[in-house]
There are 2 protein chains.
Amino acid sequence: MGKRVESLGCRKFGEKLRVDCKNCSLGELCIPRGLDIGEIERVNKIIHKKRTLHRGDYLYRAGDKFESLLALKAGTVKIVSLDNRGNEHIIGLFLPGEILGFGGFATGMHEYSAVVQETVSVCEIPANGLEALCQEVPNLQHQLFQLMSCKLNQERGKLVTNKKPAEERMASFLIDLSDRYHCRGFSAVEFNLSLTRQEIGNHLGLALETVSRLLSHFQEMGYIEVDRKLVVIKNLGGLRAILSVDESDKKRA
Amino acid sequence: MGKRVESLGCRKFGEKLRVDCKNCSLGELCIPRGLDIGEIERVNKIIHKKRTLHRGDYLYRAGDKFESLLALKAGTVKIVSLDNRGNEHIIGLFLPGEILGFGGFATGMHEYSAVVQETVSVCEIPANGLEALCQEVPNLQHQLFQLMSCKLNQERGKLVTNKKPAEERMASFLIDLSDRYHCRGFSAVEFNLSLTRQEIGNHLGLALETVSRLLSHFQEMGYIEVDRKLVVIKNLGGLRAILSVDESDKKRA
DNA sequence: CGTATTATTGACTCCATTCAAAGATAGTGG
DNA sequence: CCACTATCTTTGAATGGAGTCAATAATACG
C-alpha cells in the first residue's frame, strides 16, 4: 500500500512551481489544445499546482471528493477498482500527456482510485475553476467535451477487445501503448510496460502465466523483444495482423 | 439490415410534434435535470425534432457526422461496433430516458452505430445549439459533464464485470437492467430483455448456448422466471449474492 | 400453414487457468 | 561486496469452464 498523499495543495513557501501551459512540453496534448494564446493564459491562471509523486502514492482514492482534473506531465498511473469481493481490478493505465479524473464529474466523488506506477509529475486543474472558465471560453468547453467523449470511445473500444482471445488482447494492449506513446512524442517501438505480468493479466482478464507465455510467443515470432518490462517492437505489422487475420485464413496457408 | 433513415430532420408539413420538456414524461431523467423552468424552456427551444423509428432502423451509423444527441423517450437501442474482421459487437443497450451520442463529440463523427431494437421515440438535441446554450446556462454545462462522466463510469464498470465468470456476467447484466428500468419508473422485477440470446451473448462475450443455460439455471434456482424475452425477477437478492458470495464460501456450506 | 429464426439441451473439445517448481531480479542489511 | 529475502518471471503439466458442434423444440412471421 502506498502512503496517502494528504493534500496535493500543500507546498512549501518559496517552492518554485513552474506551471506554464504556454511552454509546457505537453503542448497540444493537454487541455489547451485548440486554444489561442490568450485563452491558454487564462487556463494557466487556474492551474495552481504541480507535484511529484512516487510509485504507490494515490492521486485520489475511490470515494474522495472530486476537486480537480490531473494532467500527467510525466510518469504513469493506473486506475483501479475494488470489486464486491475486495479484489483489485486495473481499469486503465495513463501515460504522460493524458488527463485523469473525468469520472469525478458524475457524482462529485471519484469512483475509482488512481495509483502512481512510475514517478509522476502532475498539474492540477480545479474542476470549479475549469467549469467557470468554460463559461467564458467556448473553445475550452468544446475541448473538454471532446476529451471526455474520446475517453468514452476508448473505454468502449476496450470492451470490444476484451472479448477476444488472449493473443489478440495482448497484441491490442501492446499496439495501444505503442500508439499512445507515439502520438505523445515518445518512441512507438520501445517503451516500458510499467505494469508487472500480474498487473497486465489483471487488466486484460488473463492469468499472469498467460501474459508471460504470450510475450515469449511474440518474441519467438520476432514481433517483439522483451527484457523484463522493456519492450522493443520489431514488427508492428505482425502484431497488427493478429487483430485482423482470420483463423480460417491461417488454415488455408 | 434495417433501412437507413435518410434524415431525422424531414417531417411532413403540419405533422404535430409534441416536444415539450416541461411536460415530458422523462422529467428529471433527461437533459433538463437540475434546471429551472426558464432554463428548461431554453433547452426546449433547441430541441427541434421528435421521431418514431422501428426495429432495425439506424439512429446513426459509424462514420456519420455527429450532429445531435438523441434522448430516448421510448423504446430500446443497441450500440454496435464492427471489428477488424467485420464481426458485430454489441457495446451497450440504451433504455427509455437515456441519452445517446456522447461519443460523437470526440471527432465530430460517430464511432459506433445505433440500431433500434424496440420501436423508439427520440428527441433530437442539436450539438451546436446545445454547446452554445451551455455557454449561457452553467447548470446545463454542468449537467452535460455529469452525464458524460456517468457514462464513462458505467463503461468502466462493464470492463470490470466482463472479466468475471459467465454466471456473474449474466447476473450483472440482469441486475443492471433491473436497476436502470427501476430508476426510470418501470418495474425493477419485470422487463423485456430486448436482445436475443445471441445478442446477449455477443454483448457479454459468451456463447448463446451459455446464455440460454444460465437463464435456465437462474430459473431452476428460483431467482427468475423467463419466458422468451420476458424476465420476471423472483429473488433479486439471490442474483446479487452471485456477485459477492465467494466460491470458497460455497464450499464451506 | 410452412419456413425462418430463435431457443434449449447434451456431448465433446479446447483455450486459458490453475497448480507446481525452478530461475531471475531487485532490494536490504551485515 | 555478498548473502539473504521477497518479488517477479518463466515454463511444464493437469484441470476445468465455456465454446463448439449437433440435434431437436418452440416461436414468429409472411
Side-chain angles (χ1 to χ4, degrees), chain A residues 1-2 54-56 78 87-90 117-119 161-173 192-221 224-231 242 246-248 250-251, chain B residues 1-2 54-56 78 87-90 117-119 161-173 192-221 224-231 242 246-248 250-251:
Chain A
M1 286 292 135
H54 302 97
R55 184 179 180 81
K78 67 176 176 183
N87 299 317
E88 180 175 297
H89 292 268
I90 299 175
Q117 201 68 14
E118 294 174 300
T119 302
T161 58
N162 281 0
K163 285 191 283 188
K164 293 168 181 291
E167 190 185 29
E168 281 187 55
R169 273 185 257 182
M170 194 67 223
S172 293
F173 177 70
N192 243 286
L193 302 171
S194 68
L195 301 171
T196 64
R197 308 288 188 265
Q198 171 85 271
E199 290 171 316
I200 296 171
N202 177 308
H203 179 47
L204 300 178
L206 302 172
L208 72 98
E209 294 92 332
T210 306
V211 172
S212 179
R213 275 185 259 263
L214 285 170
L215 288 175
S216 300
H217 172 63
F218 289 161
Q219 184 158 289
E220 280 164 26
M221 299 292 288
I224 63 173
E225 274 176 21
V226 208
D227 176 25
R228 187 85 172 145
K229 283 182 184 157
L230 181 73
V231 171
I242 293 175
D246 207 312
E247 281 307 304
S248 54
K250 280 189 193 170
K251 281 167 196 157
Chain B
M1 288 290 140
H54 301 97
R55 183 179 181 82
K78 67 176 176 184
N87 299 317
E88 180 175 298
H89 292 269
I90 299 175
Q117 202 66 13
E118 294 174 301
T119 302
T161 57
N162 281 1
K163 285 191 282 188
K164 294 170 181 290
E167 190 185 28
E168 282 186 54
R169 275 186 254 181
M170 195 67 222
S172 294
F173 177 71
N192 243 286
L193 305 170
S194 70
L195 300 171
T196 65
R197 307 289 188 265
Q198 171 86 271
E199 290 171 315
I200 295 170
N202 176 308
H203 178 47
L204 300 178
L206 303 171
L208 72 96
E209 294 93 332
T210 305
V211 172
S212 181
R213 275 186 259 263
L214 284 170
L215 288 174
S216 300
H217 172 63
F218 289 162
Q219 183 156 295
E220 281 165 25
M221 299 291 288
I224 63 173
E225 274 177 21
V226 208
D227 176 24
R228 189 83 174 146
K229 283 182 183 156
L230 181 72
V231 170
I242 293 174
D246 207 313
E247 283 304 306
S248 53
K250 278 189 193 169
K251 281 166 197 158

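In the text below, chain A, chain B and the rest are named by the order of the sequence lines, each starting its count at 1. Treat the numbers as computed from the prediction; the structure is a model and nothing was measured.
Summarising the geometry, the separation between CG on L206(B) and P on dG19(D) is reported as 5 Å, rounded to the nearest angstrom. Following rounding to the nearest Å, H217(B) (NE2) and dT9(C) (C1') show an atom-to-atom distance of 15 Å. The interatomic distance linking E167(A) (CD) with dT17(C) (P) rounds to 13 Å, in whole Å. If you measure from atom CD of E220(B) to atom P of dT8(C), you get 12 Å, rounded to the nearest angstrom. Atom pair M170(A):CE and dT9(D):P shows a separation of 11 Å (rounding to whole Å applied). The distance between atom CG of N162(B) and atom C1' of dA18(D), rounded to the nearest whole Å, is 15 Å. Taking atom CG of residue L215(A) and atom P of nucleotide dT11(D), one finds them 11 Å apart after rounding to whole Å. Distance, K229(A) NZ to dA26(C) P: 10 Å, rounded to whole Å.
In terms of phosphate contacts, T210(A) brings a side-chain nitrogen or oxygen within less than 4.0 Å of OP1 or OP2 of dT17(C). When the side-chain nitrogen and oxygen atoms of S216(B) are compared with OP1 and OP2 of dT9(C), one or more of them lie within a distance under 4.0 Å.
Remark: T119(A) pairs with T52(A), H54(A) by the side-chain contact (heavy atoms from CB on, under 4.5 Å) rule, at least two apart or across chains. By the salt bridge (charged side-chain N to carboxylate O under 4.0 Å, His left out) test, K163(A) is found to be paired with no residue, residues two or more places apart in sequence or in another chain being considered. Remark: S212(A) engages no residue in a side-chain contact (heavy atoms from CB on, under 4.5 Å) (not counting sequence neighbours).
Taking the C1' atoms of five terminal pairs at each end of the helix from dC1(C)-dG30(D) to dG30(C)-dC1(D), the two resulting helix axes are inclined by 50°, rounded to 10°.
Ion pairing of E118(B) with K78(B) is absent here, as no side-chain N (NZ or NE/NH1/NH2) approaches a carboxylate O to less than 4.0 Å.
Taking a 6.0 Å sphere around CD of Q198(B), one finds it holds 12 or fewer heavy atoms contributed by other residues, nucleotides or ligands.
Proximity of F173(A) to L193(A): side-chain heavy atoms (C-beta onward) are separated by under 4.5 Å at one or more points. Using a 4.5 Å cut-off on side-chain heavy atoms (C-beta onward), T161(B) and E168(B) make no contact.
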* Taking protein heavy atoms under 4.0 Å as touching, what does nucleotides 21-30 of chain D look like 5' to 3' if B marks base contact, S marks sugar-phosphate-only contact and - marks none? -> BB-----S--
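Counting any heavy atom pair closer than 4.0 Å across all strands shown, A166(A) reaches sugar-phosphate atoms only and no base atom.
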* Working for side chain to side chain contact (heavy atoms under 4.5 Å, CB included), residues I200(A) and L195(A) -> CA-CA 6 Å; I200(A) 296 171; L195(A) 301 171; 3.7 Å; yes
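Note that the CD atom of E225(A) and the CG atom of D227(A) stand 9.5 Å from one another [nearest 0.5 Å].
Side-chain N or O atoms of N162(A) include none that pairs as donor or acceptor with a backbone N or O of R169(A) at under 3.5 Å. Put simply, the side chain of R197(B) never gets that close to the backbone of V211(B): no donor and acceptor are under 3.5 Å apart.
Of the residues in residues 192-205 of chain B, those lying under 4.0 Å from DNA chain D by heavy-atom distance are G205(B).
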